[in-house]
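Values below: every heavy atom of this structure, side chains too, minus hydrogens, waters and symmetry copies.
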Amino acid sequence: MPDILIAEHLRKEYGAVTAVEDVSFTVQEGEIFGLLGPNGAGKTTTISMLTGLLPPTAGSAWIAGHDVAAEGQAAKRTCGLVPQDLALYPTLSARANLEFFGRIYGLGGSRLRQRVDDVLDIVGLTERANARVDTYSGGMKRRVNIAAGLVHEPKLLFLDEPTVGVDPQSRNHIFQSVQRLNRERGMTVVYTSHYMEEVELLCHRAAIIDRGCIVAMDTIRNLIGMLGGGVIHLGLPEAGDDLLDGLSRLPSVRRAGPLVSPPIEGSSPPAGGAEGSHAATRAPAETTVVQVETIDSRQALVEVIGLLNRRDVPVTSLQILEPNLESVFLHLTGKSLRE
């Protein structure tokens, strides 16, 4: 498939602060491409440069063959933008808002009515179309915001943190709408988020961005595969250097070392999450939690238990964490996606 979006060496400086530094990537037609990173990583600044809202300090971008800097109007007609902040008139109905935005794009008459009805159906708000936006829930307002970016039927849709602050029902509806647009209409989507599970669910490929730089970019499967077989957390009465060295030398183990912050009863699990855990028990406060990074978690578990049995070391807790995008990000940057 041809590339509908090309970004080459984008850079944005605000005085002495560099918000985006040398960002390059391409997006193919019909793809859902994720920009994944913590708050302040440079995702929104990158989107703003790609859509012509901010001029880059350096670098270039093309949308559907149009240079964003030299052919800004042509590029903008090809894409839709759904910003983080709501861009709606609260005292107007959803329908009136969408008609207004449609007219900005040159739509009118029966064509405008058709497009408004279509996008209201896509976001599931047909029955509430004539109610004022300020009577909507936060999630419903987000869905109208998405509809406004769709009303002119763009080829490429930018969704910038579309689920921030929404209720679970609206969040799931947004996911379904994105998948439907991509699957049924072939729409290309660039999706920014700091929620790794959204990008895992929706995107074909993703770029992990941190401090204005892309630190990794590949298919979701390949990004997760960077960590290999996953991580094992062991609760042990003690873990001296000799035991850690023995664990690290096992064939299916990359490295082993003490976990800096052991899990606490009732707290969230470490990177990787409970969703990916095959088994989990909590370690008592007096135990040492050892993190074992594996090449193959199943084989490593056999080897680890065998070593501990030979050394007569009891296991007080065990947790197997399968790798996901958040654990990949933690591995690459040393920080949580939500920082």
Tabulate below the donor-acceptor pairs under 3.5 Å that side-chain atoms of residues 137-156 make, not counting sequence neighbours, or state none.
from, atom 1, to, atom 2, distance (Å)
Ser137, OG, Met140, N, 3.2
Arg142, NE, Val164, O, 3.4
Arg142, NH1, Gln84, O, 2.4
Arg142, NH2, Gln84, O, 2.9
Arg143, NE, Val123, O, 3.0
Arg143, NH1, Ser170, OG, 3.2
Arg143, NH2, Val123, O, 3.2
Arg143, NH2, Gly124, O, 3.1
Asn145, OD1, Ala87, N, 3.0
Asn145, ND2, Pro83, O, 3.4
His152, NE2, Cys79, O, 2.9
Glu153, OE1, Arg111, NH2, 2.6

Which atom of [X] lies closest to which atom of [Y], heavy atoms considered:
{"X": "Ala216", "Y": "Leu223", "answer": "CB-CD2, 3.8 Å"}
{"X": "Thr294", "Y": "Ala300", "answer": "CG2-CB, 3.6 Å"}
{"X": "Phe33", "Y": "Ala207", "answer": "CZ-CB, 3.8 Å"}
{"X": "Leu54", "Y": "Thr45", "answer": "CD1-CG2, 4.3 Å"}
{"X": "Val68", "Y": "Leu50", "answer": "CG2-O, 3.4 Å"}
{"X": "Val20", "Y": "Val23", "answer": "CG1-CG2, 3.5 Å"}

Cationic N near anionic O, under 4.0 Å, [X] to [Y]:
{"X": "Asp296", "Y": "Arg298", "value": "no"}
{"X": "Arg185", "Y": "Asp118", "value": "yes"}
{"X": "Arg249", "Y": "Asp245", "value": "yes"}
{"X": "Arg211", "Y": "Glu21", "value": "no"}

Tell me who clusters with Ile295, hydrophobic residues only, linked when side chains sit under 4.5 Å apart either directly or through other members.
none
Residue pair [X] / [Y], side-chain donor-acceptor N/O under 3.5 Å:
{"X": "Glu238", "Y": "Thr288", "answer": "no"}
{"X": "Gln28", "Y": "Thr188", "answer": "no"}
{"X": "Glu8", "Y": "Ser60", "answer": "no"}

Beyond-backbone contact of [X] with [Y], side-chain heavy atoms, under 4.5 angstrom:
{"X": "Glu29", "Y": "Pro2", "answer": "yes"}
{"X": "Ile220", "Y": "Met196", "answer": "no"}
{"X": "Arg11", "Y": "Thr18", "answer": "yes"}
{"X": "Arg95", "Y": "Asp117", "answer": "yes"}
{"X": "Phe175", "Y": "Leu202", "answer": "yes"}
{"X": "Leu181", "Y": "Val189", "answer": "no"}
{"X": "Arg171", "Y": "Glu198", "answer": "yes"}
{"X": "Leu318", "Y": "Leu301", "answer": "yes"}

I need the [X] [atom1] to [Y] [atom2] distance, nearest 0.5 Å.
{"X": "Leu88", "Y": "Asp85", "atom1": "CG", "atom2": "CG", "result": "11.0 Å"}
{"X": "Glu161", "Y": "Ile47", "atom1": "CD", "atom2": "CD1", "result": "10.0 Å"}
{"X": "Arg205", "Y": "Leu35", "atom1": "CZ", "atom2": "CG", "result": "10.5 Å"}
{"X": "Ile174", "Y": "Gln179", "atom1": "CD1", "atom2": "CD", "result": "12.0 Å"}
{"X": "Leu201", "Y": "Ser193", "atom1": "CG", "atom2": "OG", "result": "11.0 Å"}

Cluster question for you: counting only ILVMFWY and a side-chain heavy-atom cut-off of under 4.5 Å, with indirect links fine, are [X] and [Y] together?
{"X": "Val190", "Y": "Trp62", "result": "no"}
{"X": "Val119", "Y": "Tyr105", "result": "no"}
{"X": "Tyr14", "Y": "Ile209", "result": "yes"}
{"X": "Val27", "Y": "Leu53", "result": "yes"}
{"X": "Phe101", "Y": "Leu92", "result": "yes"}

Please determine whether side-chain hydrogen bond (donor to acceptor under 3.5 Å, both in side chains) holds for the pair His204 and Glu31, giving the CA-CA distance in whole Å, both sets of side-chain angles, and the decisive distance to 0.1 Å.
CA-CA 7 Å; His204 305 119; Glu31 183 176 27; 5.3 Å; no
For the side chain of [X] and the backbone of [Y], is there at least one donor-acceptor N/O pair under 3.5 Å apart?
{"X": "Ser93", "Y": "Ala131", "result": "no"}
{"X": "Glu71", "Y": "Asp67", "result": "yes"}
{"X": "Lys76", "Y": "Thr51", "result": "no"}
{"X": "Thr135", "Y": "Arg132", "result": "yes"}
{"X": "Tyr136", "Y": "Arg128", "result": "yes"}
{"X": "Ser317", "Y": "Leu234", "result": "no"}
{"X": "Glu303", "Y": "Ser252", "result": "yes"}
{"X": "Glu200", "Y": "Leu325", "result": "yes"}
{"X": "Thr26", "Y": "Asp3", "result": "no"}

Run the side chain to side chain contact (heavy atoms under 4.5 Å, CB included) test on His66 and Thr78 for me, step by step, so that the C-alpha distance in whole Å, both residues' side-chain angles and the decisive distance to 0.1 Å come before the verdict.
CA-CA 9 Å; His66 301 291; Thr78 307; 4.0 Å; yes
Applying side chain to side chain contact (heavy atoms under 4.5 Å, CB included) to Val199 and Tyr195, what does each step give before you reach the verdict?
CA-CA 7 Å; Val199 174; Tyr195 296 115; over 6 Å; no
The test is side-chain hydrogen bond (donor to acceptor under 3.5 Å, both in side chains); show your working for Glu13 and Thr57 and say whether it passes.
CA-CA 6 Å; Glu13 298 174 351; Thr57 304; 4.8 Å; no
Excluding sequence neighbours, so at least two apart, what forms side chain to side chain contact (heavy atoms under 4.5 Å, CB included) with Arg310?
Leu307
Within a 6.0 Å radius of atom CZ on Arg221, are there more than 12 heavy atoms belonging to other residues, nucleotides or ligands?
no
After noting the C-alpha distance and the side-chain angles of Asp160 and Thr44, does the key distance pass the side-chain hydrogen bond (donor to acceptor under 3.5 Å, both in side chains) rule?
CA-CA 7 Å; Asp160 191 10; Thr44 297; 2.8 Å; yes
Check the pair Met217, Ile208 against side chain to side chain contact (heavy atoms under 4.5 Å, CB included), reporting the backbone distance first and the verdict last.
CA-CA 6 Å; Met217 180 167 55; Ile208 296 177; over 6 Å; no
Test side chain to side chain contact (heavy atoms under 4.5 Å, CB included) on Tyr191 and Val82 and set out the steps.
CA-CA 10 Å; Tyr191 192 99; Val82 181; over 6 Å; no
